[in-house]
Amino acid sequence: MDENNHMESEQSQSYEYQDNSNESQNRSTEYRDNFDYNSGNQANQQQVMDTSPLSMGDWILTILASFIPCAGIILYFFWAFNKNGNVNRRNFCRAQLIIMGAILIIYIVFLAIFGIAIIGEVSHY
């Protein structure tokens, strides 16, 4: 009798274990569904992004756009922060804006240093 009771208890434990595993699978499925729902927008953005290489004409237009006063900088900002545009153009425009900003800061520093020196010399006459 003891052996039969022991066998029945083992079988009931294995059923309980299987039931618990089904519950954990359901929980992981629920979590995965929720995860897919929350991260679904990021997957759509990556699919919309254009990763094709730019043609030579596109590169020429991109570089020539920088020569247009004010509008060129506006275009570079648009291309640099546009999420649906070409990745290569976006990275190029970001790099160009960083370089333009660094050159502007260096220009202002030199203008301030040499401007003060020139004004100091002129005031002696």
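Computed from a predicted structure; not experimentally measured. Computed from heavy atoms alone, side chains included, the values below leave out hydrogens, waters and symmetry copies.
Among residues two or more places apart in sequence or in another chain, the ring-ring contact (aromatic ring centres under 6.0 Å, His included) test is passed with F92 by W59.
Atom CG in L75 sits 6.5 Å away from atom CD1 in I68 (nearest 0.5 Å). We find the CE-CG distance between M56 and L61 to be 11.0 Å, quoted to the nearest 0.5 Å. Expressed to the nearest 0.5 Å, how far CG of L104 lies from CG of L111 amounts to 10.5 Å. With rounding to the nearest 0.5 Å, the separation of CZ in F78 from CZ in R90 is 12.5 Å.
Taking the six-membered ring where the residue is Trp, F77 and F81 present parallel rings, their angle staying beneath 30° rather than reaching 60°.
Under the 4.5 Å side-chain contact rule for hydrophobic residues, M100 and I63 share a cluster. Cluster membership for F67 and I60, using ILVMFWY side-chain heavy atoms within less than 4.5 angstrom, is shared. Under the 4.5 Å side-chain contact rule for hydrophobic residues, I74 and L64 do not share a cluster.
Residue L97 places its CG atom among more than 12 non-hydrogen atoms of other residues, nucleotides or ligands, all under 6.0 Å distant.
Of the residues N84, N82, N88, the one that meets the side-chain contact (heavy atoms from CB on, under 4.5 Å) test with N86 is N88.
A pairwise comparison of heavy atoms in Y76 and C93 identifies O-CB, 3.6 Å as the closest pair.
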